[in-house]
Amino acid sequence: APSISEAELLSATKMPHKPPYIYEYPQELSALEAFAKLGWFDAVLCSFWFWRDPAPSTAELFLPTLIGHAPTPRRPFVAVLSDDAHSAKASMMAEWEAVAERKLLWQKKARSLPSRQRAVYGLADAVVHISASDAALERATFNRSCHRWLVVRMSPQAFASRAANADPTATATPTTATKPTATAT
């Protein structure tokens with residue numbers, strides 16, 4: 001398998017290397033369509049955030065294309081990794097914001113994000129959050145959108161040990177003590 005620096009840029013016209021391989025999505029949906037039609041993957045983890053709002057998130061473009069073009073018997077299990085309770089956060093920020101212009105921005109997000117989230121979560125087999133509190137907020141709002149709601153619990157110690165392990169003179173922490181887990185909420 002190649003290193004991450006050797007990732008293959010997907011193309012609509014060139015057949016990619018067979019897995020295991022690292023593929024780079026070129027922001028070209030036709031390349032993703034061609035790739036999805038191969039049916040090579042059992043599972044796909046797609047991140048989900050609104051950093052460039054109101055522009056569509058990657059998940060809003062990627063998931064419909066992937067699911068719409070994957071062969072039916074080879075449709076991958078799709079998990080959406082969400083870094084926030086987006087709608088709830090927008091509503092809270094709209095209430096707390098004192099600057100009128102910023103308050104209007106958060107109010108607009110609070111109105112637009114729920115339908116966008118519902119659409120993405122409806123395509124997923126699981127929604128995975130990085131905190132139990134965000135997962136609880138989202139599940140209360142979007143429970144019918146998805147059948148599985150999970151939380152990835154990651155120990156800060158795990159990150160510290162990985163950083164320490166990068167230094168060959170550092171003492172390693174046993175991976176069994178720091179292994180991240182996923183649990184249902």
Side-chain angles (χ1 to χ4, degrees), residues 1-87 89-90 105 108-109 111-131 134-135 138 141-142 144-152 154 158-159 162-163 165-166 175 179-182 184:
S3 71
I4 194 133
S5 63
E6 300 170 306
E8 180 174 1
L9 187 64
L10 294 176
S11 164
T13 58
K14 181 182 167 229
M15 181 71 168
H17 286 89
K18 288 190 175 182
Y21 215 82
I22 298 171
Y23 308 97
E24 183 179 344
Y25 170 57
Q27 303 293 321
E28 183 183 315
L29 292 178
S30 60
L32 180 59
E33 284 177 24
F35 191 59
K37 288 176 182 176
L38 298 171
W40 283 349
F41 297 96
D42 296 322
V44 172
L45 178 62
C46 185
S47 58
F48 188 41
W49 56 76
F50 295 98
W51 289 353
R52 294 187 177 101
D53 186 51
S57 69
T58 300
E60 290 173 287
L61 298 172
F62 184 87
L63 292 180
T65 304
L66 174 75
I67 292 166
H69 294 280
T72 303
R74 290 291 305 144
R75 182 196 181 276
F77 178 91
V78 174
V80 171
L81 176 62
S82 183
D83 71 338
D84 210 341
H86 301 286
S87 298
K89 177 182 178 180
L105 174 76
K108 184 178 177 184
K109 285 179 184 265
R111 286 189 305 272
S112 70
L113 293 181
S115 61
R116 294 171 68 187
Q117 286 180 262
R118 198 170 284 107
V120 168
Y121 294 163
L123 295 171
D125 297 298
V127 177
V128 183
H129 283 86
I130 59 174
S131 79
D134 286 349
E138 295 261 282
T141 304
F142 302 107
R144 293 185 183 159
S145 301
C146 187
H147 296 291
R148 291 179 192 89
W149 295 84
L150 307 171
V151 175
V152 174
M154 299 175 69
F159 291 103
R162 285 191 186 110
N165 289 337
T175 56
K179 187 176 181 181
T181 61

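What's counted below: heavy atoms across the whole structure, side chains too, no hydrogens, waters or symmetry copies.
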Can you check whether L32 reaches F62 side chain to side chain, under 4.5 Å on heavy atoms? yes
Could you walk me through whether L38 and M15 pass the side chain to side chain contact (heavy atoms under 4.5 Å, CB included) check? CA-CA 10 Å; L38 298 171; M15 181 71 168; 3.8 Å; yes
Roughly how far, to the nearest 0.5 Å, is NZ of K108 from CG of L113? 11.0 Å
Heavy-atom pair with the smallest gap, counting every atom of P16 and E8: CA-OE2, 3.2 Å
Strictly below 4.0 Å, N to O, side chains only: are R75 and D125 in salt-bridge contact? yes
With a 4.5 Å heavy-atom cut-off, do L66 and P76 have their side chains touching? yes
Checking side-chain polar atoms at under 3.5 Å, does E138 have a donor or acceptor matched by the opposite partner on H129? yes
Just verifying a value: how many Å separate R74 CZ and W40 CH2, rounded to the nearest 0.5 Å? 11.5 Å
On a heavy-atom basis, the closest approach of S47 and A59 is O-CB, 3.6 Å
Can you measure from CD (E28) to OG (S11) and round to the nearest 0.5 angstrom? 6.5 Å
Can you see which heavy atom on S112 is nearest to which on S115, and at what distance? O-OG, 3.3 Å
Closest heavy-atom contact between F48 and V80? CB-CG1, 3.4 Å
Do V120 and L63 come close enough that some side-chain heavy atom pair is under 4.5 Å? yes
Between Q117 and F142 (side chain of the first, backbone of the second, donor and acceptor by atom type, cut-off under 3.5 Å), is there such a pair? no
If every non-hydrogen atom of C146 is compared with every non-hydrogen atom of A124, which pair is closest and at what distance? SG-O, 3.6 Å
Hey, does K89 have a side-chain heavy atom less than 4.5 Å from the side chain of F50? no
Contact summary for E60 and S57, nearest pair of heavy atoms: OE1-N, 2.7 Å
To the nearest 0.5 Å, atom CG of L29 lies from atom OG1 of T65 at 4.0 Å
Which of parallel (below 30°), tilted (30 to 60°) and perpendicular (above 60°) describes H17 and Y21? parallel
Atom CD1 of I130 and atom CG of L81: how far apart are they, to the nearest 0.5 Å? 7.0 Å
Just say parallel, tilted or perpendicular for the rings of Y121 and W149, cut-offs at 30° and 60°. perpendicular
